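Presented below is the structure to which this report refers.
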Amino acid sequence: MLRAQPTTFNVGQLHVLEMLNRCNTEESLKALKKALFDFYSREVDAEADRLWDSGIISNDKIEDLGKQHMRTPYIHV
């Protein structure tokens with residue numbers, strides 16, 4: 001029989017859980033979700049800027065990606 005492993009949360013996960021515990025209304029939950037979305041949106045933008053500035057991504061590389069067919073091959077039985 002498999003036994004479930006206990007989950008260990010990091011400091012950030014614990015903090016988010018504490019914030020969620022204080023969301024007593026749909027409006028407060030919606031506000032927290034927006035704050036988290038905005039935070040991660042800024043993080044993604046910053047990483048994209050870093051990749052662009054370092055030359056890891058460029059217009060040419062994005063164009064090349066758009067031309068690739070990266071579908072999962074299906075095995076027909």
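Just so you know, these numbers come straight off a predicted model, no measurement behind them. These numbers come from the heavy atoms of this one structure, side chains and all, not from hydrogens, waters or symmetry mates.
In this structure, E47 pairs ionically with R50, as a charged nitrogen and a carboxylate oxygen lie closer than 4.0 Å. Look at R42 and D38 and you find no salt bridge, because none of the NZ, NE, NH1 or NH2 atoms lies under 4.0 Å from a carboxylate O.
By the side-chain hydrogen bond (donor to acceptor under 3.5 Å, both in side chains) test, E26 is found to be paired with no residue, residues two or more places apart in sequence or in another chain being considered. Under the side-chain hydrogen bond (donor to acceptor under 3.5 Å, both in side chains) criterion, S28 pairs with T25, not counting sequence neighbours.
Within 6.0 Å of the NZ atom in K33, the count of heavy atoms belonging to other residues, nucleotides or ligands does not exceed 12.
Across all their heavy atoms, I57 and A48 have their closest contact at CD1-O, 4.0 Å.
Residue D60 holds its CG atom at 11.0 Å from CG of L65, rounded to the nearest 0.5 Å. A distance of 4.5 Å separates CG in L36 from CG in L32, rounded to the nearest 0.5 Å. Here the CG atom belonging to L20 is positioned 11.0 Å from the CZ atom belonging to R22, to the nearest 0.5 angstrom. Between S58 atom OG and E63 atom CD the span is 9.5 Å, to the nearest 0.5 Å.
Residues F9 and V11 do not share a hydrophobic cluster, defined by chaining ILVMFWY side chains whose heavy atoms lie under 4.5 Å apart. Put simply, Y40 and V16 are part of two different groups of oily side chains (I, L, V, M, F, W, Y) that touch within less than 4.5 Å, one to the next.
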- Message: Determine whether E18 and N21 satisfy the following criterion, side chain to side chain contact (heavy atoms under 4.5 Å, CB included), listing intermediate values before the conclusion.
- Response: CA-CA 5 Å; E18 288 174 14; N21 192 39; 5.6 Å; no
